[in-house]
Amino acid sequence: RDKLVTGVQTCALPIFNKKPMKKNKIIIWALSLIFTGKVFGADPVPQPLRIPLSKDEKQYLQFTLLNQVWLRGNESNAGTTVLGELQKNTVDLGLRRTRFQLFGEIAPKTFVYFQWSQNNFNRTVAMGGNRKNTFFIHDALCEYRLGKSQQKIGGGLTIANGLSRFSQPSISTIVGLDVPVFAQATVDQTDQFSRKLSVYSRGQVGKLDYRVVFSDPFPIQSNGVVQPVLGNNATFAQKGHHWQYQGLLMYQFFEHEQNQTPYMPGTYLGNKKVFNIALGGIYQKGATWNLVESTVPTKKDTAFNNMVLLCAESFLDMPVNKEKGTAIHAYLGYFSTQYGHNYLRYNGIMNPATGTNVANLATYAGGQYGNAYPMFGTGHVIHGQLAYVLPKDILGKDAVCGKLQVYSSATSSSYEALKNKSLLNVSAGVNWLMPGNRSKITLDITNRAATAFYINNDFTIERKNTITIQYQINI
């Protein structure tokens, strides 16, 4: 593995033997040129796409882009159909996320951030609509820094949230294949893909990191989905409007986390020594509604429920051995999610299916086909992650071949609508982090609790698997 080809060290890829033939030498040479940036003239140390706006470059505009391509095999939930045909298994290709960002300090103490993106673009995207209309504005915020401190006030369409770091995740630094989406508690219900029209204050004071957010939520009627009929179990209210109040307070034991944007990193890959504990919450009056028994016989009254979401979490990310490049990551969070009586919502990430032939399912909770499972609900959730960056030269020289990170995660949820039955979803995989950390390849296997929930509140549970290969680029 230490043999040099045209002056560039090669990686220990298993498809090549120790004495490659001429054809293999050509392939290795081409891959090595790409990995070291010689084909495209890239600097081995990534440089940002940045335009200075002042002589001292303190004012600037920076452009970034990200693309995540998923190739996936999925064991379908019982009764799953794709365009009317029964499919026990599916294979699909899609763009989980595509991001274009423009941000920077355009004047002293004045920061702007814009993001134009699309999500979940696969063969089933925009069924009944137009697949060419999937890009939309994610973020558009303006922010002002107070004096020389790290206290900031801002407003606009923003992902700045309370509750948890995973309510405002930095997508390019995800540890596993995906974030725990349940922490984006109102995603695409009363927000725009977890972004809300908000005014906020955020900053760092000593070892404390804080954010306080006041949000004006969107009405549920504008989320592009036909709304369920008011019933016995809570759904988002279609009458009345109240602001949403959010807060997150974090204590940082070691190094401070980044504070440039509202997004919170998934991992620093050992580049920082970070250990935090945090408390977060979201409150909204009258967020959901449901029918309750009336004092008048044969009639029912409408009850409005306050949404109260709370989280206590810890986050550790630090080097283990700097010389070897090893690093550890660990996260543990407890969530109390009180949406209202028996609230339950299914979600299938970039769902590869379109329907089900199972009768009497509770359709108000969302589609139960494909890879969907009960992701949101009134109850309790515990989520944990563990990851480890392997020694940097395990594939060859780190600057040429990159490094590997192995990970696992588990989510245990118990929801009122499912009689507080514990549901466990687990995943494990490996990230191949390319040199310069501009791209990575992920191999992930996920096992989920595929739950069929019926209109009479009965349910059944099966175990289903999904295998995904992801290629992510981030510039």
Side-chain angles (χ1 to χ4, degrees), residues 48-51 61-72 92-104 106 111-143 154-161 166-174 177-179 181 184 186-198 215-226 261-264 266 347-354 366-367 370-372 375 438-440 442 468 470-475:
L49 301 175
R50 187 173 174 131
I51 303 172
L61 273 177
Q62 186 169 327
F63 175 76
T64 68
L65 62 87
L66 174 141
N67 199 42
Q68 294 175 334
V69 182
W70 283 15
L71 176 62
R72 179 174 56 174
D92 73 315
L93 181 68
L95 304 179
R96 174 66 176 100
R97 298 177 180 89
T98 304
R99 301 278 195 258
F100 297 93
Q101 302 166 324
L102 182 67
F103 62 90
I106 59 171
F111 181 80
V112 296
Y113 183 94
F114 302 98
Q115 184 171 208
W116 185 54
S117 311
Q118 72 171 7
N119 309 278
N120 303 321
F121 188 87
N122 69 346
R123 64 175 177 235
T124 65
V125 69
M127 291 296 294
N130 187 341
R131 59 180 172 269
K132 294 181 288 187
N133 295 336
T134 58
F135 272 93
F136 60 93
I137 296 295
H138 279 51
D139 301 82
L141 67 88
C142 304
E143 193 174 80
L157 181 64
T158 175
I159 202 169
N161 269 280
F166 288 122
S167 303
Q168 48 227 312
S170 168
I171 296 305
S172 64
T173 60
I174 293 174
L177 178 70
D178 211 341
V179 295
V181 177
Q184 299 173 38
T186 61
V187 60
D188 275 345
Q189 300 302 291
T190 58
D191 58 40
Q192 182 156 294
F193 213 74
S194 203
R195 282 78 175 173
K196 303 166 187 176
L197 294 170
S198 304
S215 301
D216 189 7
F218 296 103
I220 187 66
Q221 294 93 325
S222 64
N223 76 340
V225 177
V226 176
T261 75
Y263 288 87
M264 303 192 74
N347 189 28
I349 299 298
M350 200 165 67
N351 203 318
T354 57
N371 63 341
M375 188 176 290
R438 281 179 169 153
S439 63
K440 71 176 180 180
T442 302
T468 307
Q470 173 188 251
Y471 183 43
Q472 172 184 295
I473 61 166
N474 177 46
I475 298 176

Give me the atom names and distance for the closest heavy-atom approach of R72 to P352. NH2-CD, 3.8 Å
Does the N371 side chain pair with the main chain of I349, one donor and one acceptor, at a distance under 3.5 Å? yes
To the nearest 0.5 Å, tell me how far L71 CG sits from L93 CG. 6.0 Å
Under 4.5 Å between any side-chain heavy atoms of L102 and V112, yes or no? no
Under 6.0 Å between the ring centres of F103 and Y263? no
Checking Q472 side chain against S172 main chain: does a donor-acceptor pair fall under 3.5 Å? yes
Test side chain to side chain contact (heavy atoms under 4.5 Å, CB included), reference Q470, set T442, D178, I174, output is T442
Looking only at atom types and distance, does a side-chain atom of Q192 sit under 3.5 Å from a main-chain N or O of I137, one as donor and one as acceptor? yes
Does any part of the side chain of Q68, heavy atoms only, come nearer than 4.5 Å to the side chain of I171, both counted from C-beta? yes
Donor-acceptor contact present, side-chain S117 to main-chain R97, <3.5 Å: no
Heavy-atom nearest pair, F135 first then Q118, reads CE1-OE1, 3.4 Å
With rounding to the nearest 0.5 Å, note down the distance linking CZ in R99 to CG in N119. 4.5 Å
Measure the spacing between CG of L66 and CD1 of I475 and express it to the nearest 0.5 Å. 9.5 Å
Polar side chain donor-acceptor pair, R96 to N120, under 3.5 angstrom: yes
Non-hydrogen atoms of S222 and F218 that approach each other most closely: OG-CB, 4.0 Å
Compare every heavy atom of P169 with every heavy atom of S167, then report the nearest pair and how far apart it is. C-CD, 3.5 Å
Is it true that a side-chain atom of D191 and a backbone atom of K196 form a donor plus acceptor pair closer than 3.5 Å? no
Heavy atoms of S194 and V187 approach each other most closely as N-CG2, 3.9 Å
Do N223 and D188 pass the side chain to side chain contact (heavy atoms under 4.5 Å, CB included) test, and can you show the C-alpha distance, the side-chain angles, and the key distance before you say yes or no? CA-CA 6 Å; N223 76 340; D188 275 345; 5.6 Å; no
Rounded to the nearest 0.5 Å, what separation is found between the CZ atom of F63 and the CD atom of Q101? 9.0 Å
Using only atom types and a distance under 3.5 Å, with no angle test, would you say the side chain of T173 pairs donor to acceptor with the backbone of G266? yes
Measuring from I51:CD1 to I106:CD1, what's the distance to the nearest 0.5 Å? 13.0 Å
Regarding T158 and D139, do their side chains bring together a donor and an acceptor under 3.5 Å, going by distance alone? no
Is there a donor-acceptor pair closer than 3.5 Å between any side-chain N or O of N122 and the backbone N or O of M350? yes
Pair H138, F193 - check side chain to side chain contact (heavy atoms under 4.5 Å, CB included), show working. CA-CA 7 Å; H138 279 51; F193 213 74; 4.0 Å; yes
About how many Å separate CD of Q168 and CZ of R195, when rounded to the nearest 0.5 Å? 10.5 Å
If every non-hydrogen atom of G370 is compared with every non-hydrogen atom of A353, which pair is closest and at what distance? CA-CB, 3.7 Å
